[in-house]
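Let me begin by presenting the structure, written as structure tokens, before commenting on it.
For the numbers below, each heavy atom of this structure counts, side chains included, while hydrogens, waters and symmetry mates do not.
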Amino acid sequence: MKKSFTSVGTNKSDEKPDYKKTILDDISKLTTIPFRGNEEVLKRQTFLLKEDTIEKIKDIVYTEKMAGNLLFTQKELIEQALEVYLVNKNITKRPAEFIEKRGRKN
């Protein structure tokens, strides 16, 4: 025997709730950032991070936006953090035979 379920809703009208405006709504069209600039080539990379690290990243970006830096992104935060981390690091370049070419063709 199949059970039948009925929906019990508290909202008597089918109207959607009003959209709450934020300060980000005041930004008109954002300019698109090209993936290939004059001097830099951007490349997509995926990382798995701890959930609390991801939440901190989102919170920092939110804090920057609330402080008036409305176009601040997670990408910018990661780039800035890595630039600070990499200062005065002794980095050995990988040899060509060590660099893996897997997945998509470049």
[X]: what forms a side-chain contact (heavy atoms from CB on, under 4.5 Å) with it, not counting sequence neighbours?
| X | value |
| --- | --- |
| D59 | none |
| K58 | I54, E55, Q74 |
| L48 | none |

Can I get a per-line list of side-chain donor-acceptor pairs under 3.5 Å for residues 77-98, giving both atom names and the distance, sequence neighbours left out?
unit_1, atom_1, unit_2, atom_2, d
E79, OE1, K75, NZ, 3.3
E79, OE2, K75, NZ, 3.3

task = Find the distance between CG (D52) and CD1 (I57) and round it off to the nearest 0.5 Å.
result = 10.0 Å

key: Inter-residue atom distance T73.OG1 - K65.NZ, 0.5 Å rounding   = 7.5 Å

